[in-house]
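Data block below; observations after.
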Amino acid sequence: MHKLPEPDPGLPDSRSAARYLFWLVRRSRLTVVLAAALAILWMGCQSLAPAMVGQAVDAAVDRDGRELAGWTLLLFGVGTMQAITGIMRHRFAVTNWLGAAFRTVQVVVRQANRLGATLPRRLDAGEVVAIGTSDISHIGGAVDILSRGIGSLLAVATITVLLLRISVPLGMIVLLGVPVMMLVVGLLIGPLHRRQREYRRLQGRLTGQAADLVSGLRVLRGVGGEPIMAARYRAASQALRAAGVRTARVEALLESAQVLLPGVFLVLLTWLGARSAWAGRITVGQLVSFYAYAAFLVAPLRQLTEAVDKITRGHVSSRRVVAMLAVEPALTDPDRGVPLPAGELVDIESGVRVPPGRMTAIVAAVPSDAARIADRLGRYADGATLGGVALAAASLAQVRDRILVAENDARLFAGPLESDLDPYRTGALPEALEVASASGIVAALPDGAATVVAERGRSFSGGQQQRLRLARALIADPDTLILVEPTNAVDAHTEARIADRLRAARSGRTTVICTSSPLMLSRADQVCYVESGRLVAAGPHDVLLRTTPAYARMVLREDQS
């Protein structure tokens, strides 16, 4: 058996979305700092270029060829530097985007593994799916825009200083106008934030509903519930559409503000600069520089408003990640786990006792009682002991290493079949397939065990999936293997073959089977019969058939009326 990976000590603080974004920036601090430095150089070169153009124009007006050549060469050098820093800034920006997005995926997957069986009980599937689809894009964008936002802010500051040197009144217009523009944009952020949060919530709910519909479509059609569920999905979809339209209205206002406000600012500055030149307060070259400054300001101002927008989106998406990270597993490790001895596995609540090294079957009058016993024996719920030591006193990693619960609703994952069944390449695949009577299934595939399996193994029938899942459990080869209804979807002939081979393959090791199949029960060393959650009788199958009428009626499917 292979041990579970140790938890990452660098997990982010899950107390707030802002701290999570800060954690992402800190984890990529080198590339974020480099991207910010390159953005400053890139925008700085752009902000200095208009001043050089103005000086070159004045030199041309004065017919000073040497000064004109000098400013032209300097402008060429600044332009070259701008091109190089722009390319490198973009490369680091993409690196930051990918780093934040995929680090979020890693954190979410690690948390999903940590939560285990708690995850589907506490979070909808749609919530988790939405993180891996739309949210990682917004989180990556928030980290990416940070460097460009810093560069744009310093570029605006540089241009303001240069304009103040040309004309104090015009420079003051920039100095006062930029905060006013940002304030107008900020007024839209609050409503956008709220509407985006509502849209994300409805989106996650609809995604979860779609996943439930797909997985239960066959059942819905069987009971005639497809039209009802389709109507519910349609209503939820329309609610999401309406929320999307409400969000888009605010986003449209924000986008238009990003274009309109800098444009109005450009027109105002150009008009005032032209009046100053007409009055002789500034030179022609300074007027050209002034216009270039005003035109250039559109880009950094738009990036600043874009930064506010993307950081807001990233904050909304980070709240979902933080909400998932804040979920604690239903079962936690003790402060100091004790080692588990070998010995008898006991479910205290029901009284079921599983002797070591033998095959034990559990039959319950209500099948869900058997499943709950399996959960306690595998410590998916507390209430079992091994060798007299409570499973809750041991670490979860140790319990999982010793005891494996293979449920009937386990999934086959998309990808090569061999990597799904035997991810550690133990070499036990052929033998496990033979025991599970699944060799023929693999042999019939185009590429054998290397064949790529569709999502959830939907290319296989229910019985084929069940046998492949059994093979996967056998390859894990735990000290204690607990199987919940491992053969209820296969025919009797195949089931008898599996029962014989399973008993031989697990000889000398502890095996628990929750089933009511006579074929499986007849191969067990001991059968435990449970009614109302309590052990009623225990013994060999043939003895219980003679001595326990309720057991006989249930196993033999006799009419109990």
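Bear in mind that the values here come from a model prediction, so they are computed numbers and not experimental data.
- Side-chain contact check for His90 versus Trp42: every heavy-atom pair is 4.5 Å or farther apart.
- Closest heavy-atom contact between Asp135 and Ser317: OD1-OG, 3.0 Å.
- For the pair Glu418/Arg425, a side-chain contact is recorded, criterion being any heavy-atom separation below 4.5 Å from C-beta on.
- Checked by atom type, the side-chain pair Asp333/Ser395 shows no donor-acceptor distance below 3.5 Å.
- Within the cation-pi definition used here (under 6.0 Å to the ring centroid, within 45° of the axis), Arg148 does not qualify as a partner of Phe92.
- Contact check for Ile475 versus Tyr424: no side-chain heavy atoms found under the 4.5 Å cut-off.
- Taking the side chain as every heavy atom from C-beta outward, Thr72 and Phe76 never approach each other to under 4.5 Å.
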One pair to check against side-chain contact (heavy atoms from CB on, under 4.5 Å): Thr104 and Tyr20. What are the steps and the verdict? CA-CA 10 Å; Thr104 297; Tyr20 177 74; 2.7 Å; yes

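- The shortest side-chain heavy-atom distance between Leu468 and Leu412 falls under the 4.5 Å cut-off.
- Without hydrogens or angle criteria, Thr451 side chain to Gly448 main chain gives a donor-acceptor distance under 3.5 Å.
- Counting all heavy atoms, side chain and backbone alike, Gly140 lies closest to Ala100 at CA-CB, 3.9 Å.
- For the atom pair CD1 of Ile139 and CZ of Arg313, the computed distance is 13.5 Å after rounding to the nearest 0.5 Å.
- Rounding to the nearest 0.5 angstrom, the gap separating the OG1 atom in Thr31 from the CG atom in Asn96 is 4.0 Å.
- For the atom pair Arg19 CZ and Ser318 OG, the distance stands at 14.0 Å (nearest 0.5 Å).
- Within 6.0 Å of atom CZ in Arg66, 12 or fewer heavy atoms from other residues, nucleotides or ligands are found, so the atom counts as exposed in its surroundings.
- Side-chain atoms of Gln111 and Arg114 form a donor-acceptor pair, as typed in the model, at a separation below 3.5 Å.
- When all heavy atoms are compared, the tightest approach of Ile145 to Ala307 is CG1-CA, 3.4 Å.
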Take Gln238 and Arg241 through the test side chain to side chain donor-acceptor pair (under 3.5 Å) and record every step on the way to the result. CA-CA 5 Å; Gln238 290 302 311; Arg241 182 191 64 81; 2.9 Å; yes

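- With values rounded to the nearest 0.5 angstrom, Asp420 atom CG is found 12.5 Å from Arg411 atom CZ.
- Residues Thr85 and Met88 have side chains not in contact (no heavy-atom distance under 4.5 Å, counting atoms from C-beta outward).
- Of all the heavy atoms in Gly141 and Lys310, the pair that sits closest is O-CD, 4.0 Å.
- Side-chain contact between Leu433 and Leu421 is present, with at least one heavy-atom pair separated by less than 4.5 Å.
- Atom-to-atom distance recorded for Asp422:CG and Leu417:CG is 10.5 Å, nearest 0.5 angstrom.
- When all heavy atoms of Ala93 and Asp144 are compared, the pair lying nearest together is CB-OD1, 3.1 Å.
- From Ile136, atom CD1 reaches atom CZ of Arg320 across 12.5 Å, with rounding to the nearest 0.5 Å.
- Taking all atoms of both residues into account, the shortest heavy-atom contact from Leu21 to Ala142 is CD2-CB, 4.4 Å.
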